[in-house]
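Written out below as structure tokens is the structure these notes cover.
Protein chains get the first letters and strands the later ones, always in sequence-line order, with residue 1 at the start of each. Being a predicted model, the structure only gives us computed values, none of them experimental.
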Amino acid sequence: MSSYNLTHLAQLEHEAIFVLREVAAQFERPALLFSGGKDSIVMARLAQKAFAPARIPFPLVHVDTGHNFAETIEYRDWFAAEIGARLVVRLVEDSIKAGRCQEEKGLNPSRNGLQTVTLLDTIEEFKFDACLGGARRDEEKARAKERFFSHRDEFGQWDPKNQRPELWNLFNGRKNQGEHFRVFPLSNWTEMDVWQYIARENLRIPSIYFSHSRRVVNRNGVLLAESPYITLLEGECYEERIVRYRTVGDSTCTGAVESPAATLGEVIQEVASARVTERGTRADDKRSESAMEDRKKAGYF
Amino acid sequence: MSSSAAPAHVHTDEHYLSMDLLRFTTAGSVDDGKSTLIGRLLYDSKAIFEDTLENLERVTEQRGEENLNLALLTDGLRAEREQGITIDVAYRYFATPRRKFIIADTPGHIQYTRNMVTGASTANLAIILIDARKGVIEQTCRHSFIASLLGIPHVVVAVNKMDLVDFSEARFNEIVAQYSEFASRLSIPDIKFIPISALHGDNVVEKSARTPWYQGGALLYTLETVYIGSDLNHVDPRFSVQTVIRPNNDAHHDFRGFAGRVAGGVFKPGDEIVSLPSGLPAVIKSLHGPEGELAEAFAPMSVVMTLDREIDSSRGDLFAKAHNQPAVTQDVEAMVCWFSPAKLNPAGKYILRHATRETKCAVKAVRYKVDINTLRKQTDDVAIGMNDIGRVFLRTAVPLMTDPYKRNRTTGSFILIDEFTNATVGAGMILWLEPAERSAAGQFADMGGL
Ligand SMILES: Nc1nc2c(ncn2[C@@H]2O[C@H](COP(=O)(O)OP(=O)(O)OP(=O)(O)O)[C@@H](O)[C@H]2O)c(=O)[nH]1
Ligand SMILES: [Mg+2]
């Protein structure tokens, strides 16, 4: 009987596939939120497996701040074409032009928070009733509280004090008109699991995850890449460093880490001995103690 | 402050991939120290990242507290931090050289019992905390009973705050006796007791010099070494169809695959299955897993099955084998945990979700409510309110393919959903009934026989 064992990575894989299929079965118009980051790449890979030999039965959706890394956008387009998926891209820029939201003012202006507006508008435009996200519980303390099936009210809001009980693997995706769900198949994965899976599946990932030379500015301990969207403050200057990214988001708030890790094996070694969390490089989380919770309540990813 | 996160040993792929996984949950009354214990466990086993720790030190200082507030590692919501209590389950992940762990830190407050049940439903082990000053109280009993109902095979009773009772052996023994007496009425096969101080770290990761009278191991040692035989069923073949995969493209023109997760037993190509409830037979042509074609599939694998003939089967149906079938029934006798502020309506209708099937059901009878403190069956008061547990008899609109929960957690469990609010209002565990009992209404098995 002991031969009926699965490695924990295989257990996570089977669990995620189960969740993805539940989404396809319980909802009419799901979407897979795809940023071109490692978690969404793994999630898309799992979706391919969940529905093979058929295609993924929902579109990939990207909310583009216009401040993303060129490498990620290139990768996004290549990936969608490669797997023959429909790609929907909506621009934060357009939401700003339409007067739906305003560019931030102040020291560290970022369009990261504005993505929520564009995301909720996109959900309404396509009447998406479930959005698959690659968020993991190990990333952040508010995310540690998420259900697999996370209910959003008609304003797209999360109510963390009043979540539905979620027992065993019985997911209750029932909702009223106008409400939707966020679903997180990778809930139980850690950063290490994601890298191990990328290695096992031999997945191609954007080049910025590997060591390269880049001009960066050190702002409050976050190494921000040179870009037209960053204004240097007095005393700041760009320096050439050997870096890579542990997490990939908007370039105005995602910091690089100094690293010589140029191969998957080296990245995995580095993750194994890391002493700070991956979101330690995110300026958006450093804004306040409950920055993530507040954004999530408003409808963020 | 030195703290290295995932220790360096986890990087060799083979080792990392071959570690086994223990899912455990905390339980016990409010303020018994559950979150502090998890924080302590992570802190002392050096599983906390530097930035998290710096943040913790800063926040502790801002709050004007003296000891590092370890509970804040899991109490991540603003409302939780304000009130100093846990409201919803927090999941944490960590590994030691021996094992990987998924921790569910759950709330003790009675108002949030539903969240405790959420965290406990997937656990292999529960740590039940008891405040050494208070001893066994109602919430200790409620959570222990829930752990027993959920079929959690291992319980570690951590008698906490031993620092406040001078690490008294006598007090510890008193609580052990008190709990053992209560637990003798439950069906938990393995119970261990450990005297600890979550706040100061005694017997959490390292054995404490302040409890020389205690012969057992520290908590972490217990978590690393407890035997986790699979609680999965590899005997009775069960496969609930989630969705049907039809590519409709030239390469796979005639492909029609049944996707789902194996809930029990073993399936192999060439096996004859029956699709329930129709009873139509077919032979498995091929099995497809995430890594390609399979020679066999077992729980909890997600697979796609193709069959040798076209049969009318779809989501909600279940494949079993002719000689080993679940009950196909519209009558469900179950223990139900109730989560809703609105009482269970003894003549009400609810939506019932079981495996991949959703149906309406009507409550036909409430047999009894359990008195949490004494575990007695109350047949005079059968009003099932929030956080109550009782035995109910339901009639479903379409047949379900069920096994007793004791035999199979997947085909033996269900949730109840309010048809108007869509809220999940209850969780049910299907009972094992002797044939004679099925006909004799009002006569029921002991709930310990669940
Ligand atoms: N003296 C002493 N105090 C402790 C110990 N463990 C926890 N406490 C204190 O007890 C209080 C409650 O601790 P928590 O860890 O938040 O309790 P909890 O069980 O998680 O509470 P809920 O999640 O709200 O049910 C805090 O003030 C802790 O510092 C201990 O071993 N000794
Ligand atoms: Mg707590």
State, to 0.1 Å, how close [X] and [Y] come at their nearest heavy-atom pair, and which atoms those are.
X        : Y        : result
A:Glu293 : B:Leu77  : OE1-CA, 3.2 Å
A:Phe18  : B:Gln242 : O-NE2, 2.9 Å
B:Arg353 : A:Phe171 : NE-O, 3.2 Å
B:Asp88  : A:Lys145 : O-NZ, 2.6 Å

Original post:
For B:Tyr93 and A:Asn188, does a side-chain donor sit closer than 3.5 Å to a side-chain acceptor?
Top reply: yes

Original post:
If you tally heavy-atom pairs under 4.5 Å against chain B, which of A:Pro53, A:Ala54, A:Ala144 wins?
Top reply: A:Pro53

Original post:
Using non-hydrogen atoms only, which part of A:Asn169 is less than 4.5 Å away from chain B: side chain, backbone, both, or neither?
Top reply: side chain

Original post:
A:Ala52 versus chain B, heavy atoms under 4.5 Å apart: side chain, backbone, both or neither?
Top reply: backbone

Presence of salt bridge, [Y] and [X], under 4.0 angstrom:
X        : Y        : result
B:Glu358 : A:Arg174 : yes
A:Asp294 : B:Arg78  : yes
A:Glu15  : B:Arg23  : yes
A:Glu22  : B:Arg315 : yes

Original post:
In Å, rounded to the nearest 0.5 Å, how long is the span from CG of A:Leu6 to CG of B:Asp20?
Top reply: 12.5 Å

Original post:
Mind checking whether B:Tyr405 and A:Trp168 have ring centres under 6.0 Å apart?
Top reply: yes

Subject >> Where at least one partner belongs to residues 183-202 of chain A, residue pairs that pass salt bridge (charged side-chain N to carboxylate O under 4.0 Å, His left out), sequence neighbours excluded >> reply: A:Glu13-A:Arg200, A:Arg45-A:Glu201, A:Lys49-A:Glu201, A:Glu191-A:Arg246, A:Asp193-B:Lys100, A:Arg200-B:Glu291

**OP:** Please answer whether the main-chain N or O of B:Thr243 pairs with a side-chain N or O of A:Arg21 as donor and acceptor at a distance below 3.5 Å.
**Re:** no

**OP:** Please check if the side chain of A:Asn172 supplies one atom and the backbone of B:Asn422 the other of a donor-acceptor pair under 3.5 Å.
**Re:** yes

Subject >> Toward chain B: residues of residues 149-160 of chain A with heavy atoms under 4.5 Å >> reply: A:Trp158, A:Pro160

